[in-house]
Amino acid sequence: MSYYDYIIVGSGIAGLYTALLAKEQGSVLVITKGSIDDCNTKHAQGGIAAAIGRNDSPKLHFKDTIVAGDGLCDEEAVRILVNEAPARIAELVNLGVPFDTLDGEIALTLEAAHSVPRILHAGGDATGEHIEVTLSKRVRASKIQVLEDSQATEILVENGIVRGIKALDCHTGSVEEFECHCLILATGGAGQLYKFNTNSDIATGDGIALAFKVGAEIIDMEFFQFHPTALHLPGVTPFLISEAVRGEGGILRNVDGHRFMPDYTPRGDLAPRDIVARSILNEMKKTGSDRVFIDVTHLSPYVITTRFPHIYRFCLDHGLDITKELVPVSPAAHYMMGGIKINSWGETNIAGLFATGEIACTGVHGANRLASNSMLEVVVFSKRIMEKTAKGAKQEAPNAIRGTEVHHVLSQRQIQEPVPAPSLSALQKLHWDKVGVIRNRESLTQAADILAVWQKSLPPPTDRPSCELHNLVLTGRLVTEAALLREESRGAHFRSDFPQSSPKWQRHTIFSTK
Ligand SMILES: Cc1cc2nc3c(=O)[nH]c(=O)nc-3n(C[C@H](O)[C@H](O)[C@H](O)COP(=O)(O)OP(=O)(O)OC[C@H]3O[C@@H](n4cnc5c(N)ncnc54)[C@H](O)[C@@H]3O)c2cc1C
């Protein structure tokens with residue numbers, strides 16, 4: 001059996017950035033279930049937030065993040081995020097990420113719910129791709145060992161300490177064990193829970209399910225962010241129309257051409273994502289349509305094609321010239337705010353197990369992520385894992401204070417009625433219909449019952465798709481049961497039967513097996 005100082009599962013920004021830091025400390029293996037660049041990271045468009053502009057400050061970035069998080073951010077974690085951001089951005093520049101510049105300085109744009117322009121971007125709207133390609137080239141050129149098409153299927157724990165990981169060779173079906181000192185999960189989110197989502201097909205909640213099974217605490221899963229504006233064209237998988245499009249002046253209109261966002265909030269088109277997503281759904285219902293539109297036809301074609309070359313090209317390839325025509329959009333599942341609970345050094349409650357990236361919940365996003373804070377969170381907190389685990393590191397106590405946490409286990413459910421057969425499409429439809437942008441007790445109970453039956457009745461997994469379905473069912477149960485518990489509306493979690501937020505619920509929901 002092979003032994004490594006660090007095993008990192010996942011090869012998005014979290015896995016690769018952490019691997020590049022870890023190689024300075026010892027031997028590193030990266031396990032990834034597709035090819036190295038198969039991940040959500042490469043689809044990120046808008047950019048990465050950091051208070052590096054003249055009129056900006058970490059204090060202002062802190063304030064915007066806290067407001068978006070709707071009462072549930074861990075203030076200490078947010079302080080770390082905004083204060084350490086400029087240094088981490090400088091390191092990304094040193095690694096070779098080609099951020100766009102204007103007059104010799106890094107160009108910054110505005111996105112919804114940020115009070116000043118603070119989003120760095122690369123290739124206009126291809127930021128994630130540039131970051132992923134830059135990091136993967138660096139990793140390939142290093143001594144880091146990368147095992148592609150290898151899916152982690154079980155965390156090995158002995159006497160309460162992580163010993164390594166079991167992985168499935170997705171080509172041959174054989175299973176191998178790898179041992180390590182530190183296991184770092186960087187497996188990303190779970191957007192594939194939903195019929196309409198902006199995520200890559202790797203986003204199946206694998207790391208959440210694996211960690212939960214060995215006793216890790218999973219926190220705040222009810223907070224799943226729905227992006228308000230995914231391209232809505234028949235036969236085309238939802239493709240993100242970045243927030244930055246509205247940041248540059250794009251206007252939301254309903255099918256009758258009415259500019260509706262000012263009817264809902266004084267922040268208009270630049271309101272936080274949850275408000276825009278619900279307003280769009282309301283307009284769709286009012287007008288009997290399955291979409292609304294973003295209008296950028298008043299912007300100069302030069303601005304559109306240079307700031308959003310990727311979006312412009314994608315739409316044109318599907319017969320839509322956005323410099324002349326309105327862009328049809330509707331909400332889609334986008335980002336998992338909850339995840340494996342970690343402290344400010346990336347540690348989980350299990351010795352030797354760390355998590356970083358979308359899979360981890362540091363507490364910086366609270367109930368609603370501020371746009372472009374997620375890739376920043378990755379680089380800030382991955383660096384802290386290395387500061388903690390480096391040889392001779394000072395063993396400082398974690399400084400995150402998260403507030404009240406309430407612990408739960410997944411309840412048994414007694415179901416009499418027949419349920420549909422489990423499949424990826426049935427699961428995605430179930431989540432979209434019952435655990436979507438707007439939920440209530442009845443819809444959530446129906447979903448929770450079906451998921452509980454599926455969890456018991458699924459045959460043991462044998463290959464990547466069947467492992468993923470198992471992981472999605474368990475992750476979906478954690479989302480649904482948490483959403484059922486939280487009898488209020490806050491941030492991205494909206495309950496039609498409890499439409500207000502309640503001070504009683506200013507607390508976190510944790511699930512674990514203990
Ligand atoms: C369309 C889109 C646009 C976005 N735009 C922005 C933006 O502008 N700014 C921003 O900050 N954020 C944005 N986000 C969010 C951001 O991209 C992600 O949160 C971030 O990239 C997550 O990085 P990650 O490394 O944690 O996960 P990912 O990049 O998703 O990588 C996860 C990795 O884990 C691997 N993996 C998963 N399960 C297993 C397993 N069982 N075994 C082995 N490997 C496994 C995957 O193959 C993959 O390599 C966007 C997301 C999407 C989908």
Side-chain angles (χ1 to χ4, degrees), residues 2 4-50 52 84-101 106 120-150 152 178 180-188 200 202 310 346 354-360 372 374-391:
S2 338
Y4 297 84
D5 295 310
Y6 293 90
I7 293 182
I8 297 165
V9 187
S11 59
I13 180 174
L16 298 182
Y17 182 76
T18 311
L20 288 168
L21 298 175
K23 79 172 174 21
E24 305 302 326
Q25 304 300 328
S27 55
V28 182
L29 171 69
V30 173
I31 291 176
T32 191
K33 70 179 171 182
S35 67
I36 195 167
D37 292 336
D38 266 351
C39 56
N40 268 352
T41 299
K42 78 165 181 217
H43 299 290
Q45 298 175 348
I48 181 162
I52 59 167
E84 297 184 9
R88 296 295 83 78
I89 293 295
E91 282 164 14
L92 285 179
V93 171
N94 279 341
L95 283 169
V97 177
F99 288 116
D100 296 334
T101 55
I106 287 182
L120 295 88
H121 43 87
D125 56 357
T127 314
E129 195 176 329
H130 282 283
I131 290 179
E132 182 67 21
V133 168
T134 306
L135 297 180
S136 62
K137 269 191 194 152
R138 289 258 174 189
V139 165
R140 284 194 195 282
S142 75
K143 282 195 198 136
I144 298 166
Q145 202 178 327
V146 180
L147 211 55
E148 292 175 293
D149 300 311
S150 177
F178 301 90
C180 60
H181 181 55
C182 294
L183 178 65
I184 303 175
L185 296 179
T187 54
S200 147
I202 58 89
H310 187 53
F354 297 79
T356 178
E358 192 166 335
I359 188 188
S372 289
S374 55
M375 291 199 290
L376 176 64
E377 179 195 32
V378 170
V379 288
V380 166
F381 288 90
S382 296
K383 176 85 172 183
R384 292 174 70 84
I385 293 180
M386 284 308 134
E387 286 169 355
K388 179 79 185 180
T389 59
K391 290 181 195 108

Salt bridge (Lys or Arg N to Asp or Glu O under 4.0 Å) contacts touching residues 133-148 (sequence neighbours left out): R140-E148

Least distance between heavy atoms, I7 atom then C180 atom: CG1-CB, 3.5 Å

D100 (side chain) donor-acceptor with G123 (main chain) under 3.5 angstrom: yes

Closest approach of E132 to I13 (non-hydrogen atoms, all atoms of both residues): OE1-N, 3.6 Å

Donor-acceptor pair, side chain of S372 and main chain of G47, under 3.5 angstrom: yes

Test salt bridge (charged side-chain N to carboxylate O under 4.0 Å, His left out) applied to K23 - qualifying residues, sequence neighbours left out: none

Value rounded to 0.5 Å, distance of CG in L16 from CD1 in I144: 8.0 Å

Gap between atom CZ of F99 and atom CG of L92 - 0.5 Å precision: 5.0 Å

Qualifying residues under side-chain hydrogen bond (donor to acceptor under 3.5 Å, both in side chains), relative to Q25, sequence neighbours excluded: none

K383 and E84, any side-chain heavy atoms less than 4.5 Å apart: no

E24 vs M386 side-chain heavy atoms within contact, under 4.5 Å: no

side-chain hydrogen bond (donor to acceptor under 3.5 Å, both in side chains) against E129, all qualifying residues, sequence neighbours excluded: none

Closest non-hydrogen atom pair between V139 and V146, with its separation: CG1-CG2, 3.6 Å

side-chain hydrogen bond (donor to acceptor under 3.5 Å, both in side chains) contacts touching residues 27-45 (sequence neighbours left out): D5-S27, S11-T32, K33-T204, K33-D206, K33-E468, D37-S136, N40-N199

Minimum-distance pair of heavy atoms, taken over all atoms of T389 and C182: CG2-SG, 3.9 Å

Separation of I184 CD1 from I359 CD1 (nearest 0.5 Å): 12.0 Å

E358 side, atom CD; E377 side, atom CD - distance, nearest 0.5 Å: 9.0 Å

For the student: nearest non-hydrogen atoms of T134 and P98, plus distance: OG1-CD, 3.9 Å

OH-CG distance between Y4 and L183, expressed to the nearest 0.5 angstrom: 13.5 Å

K388 side, atom NZ; F354 side, atom CZ - distance, nearest 0.5 Å: 8.0 Å

Nearest heavy atoms of A44 and M375, plus distance in Å: CB-CE, 3.7 Å

Side-chain touch Y17/T356, heavy atoms, less than 4.5 angstrom: no

Partner set under side-chain contact (heavy atoms from CB on, under 4.5 Å) for A50, not counting sequence neighbours: I52, A85, I89, L120

Any side-chain donor near an acceptor of the partner, T18 and Y6, under 3.5 Å: no

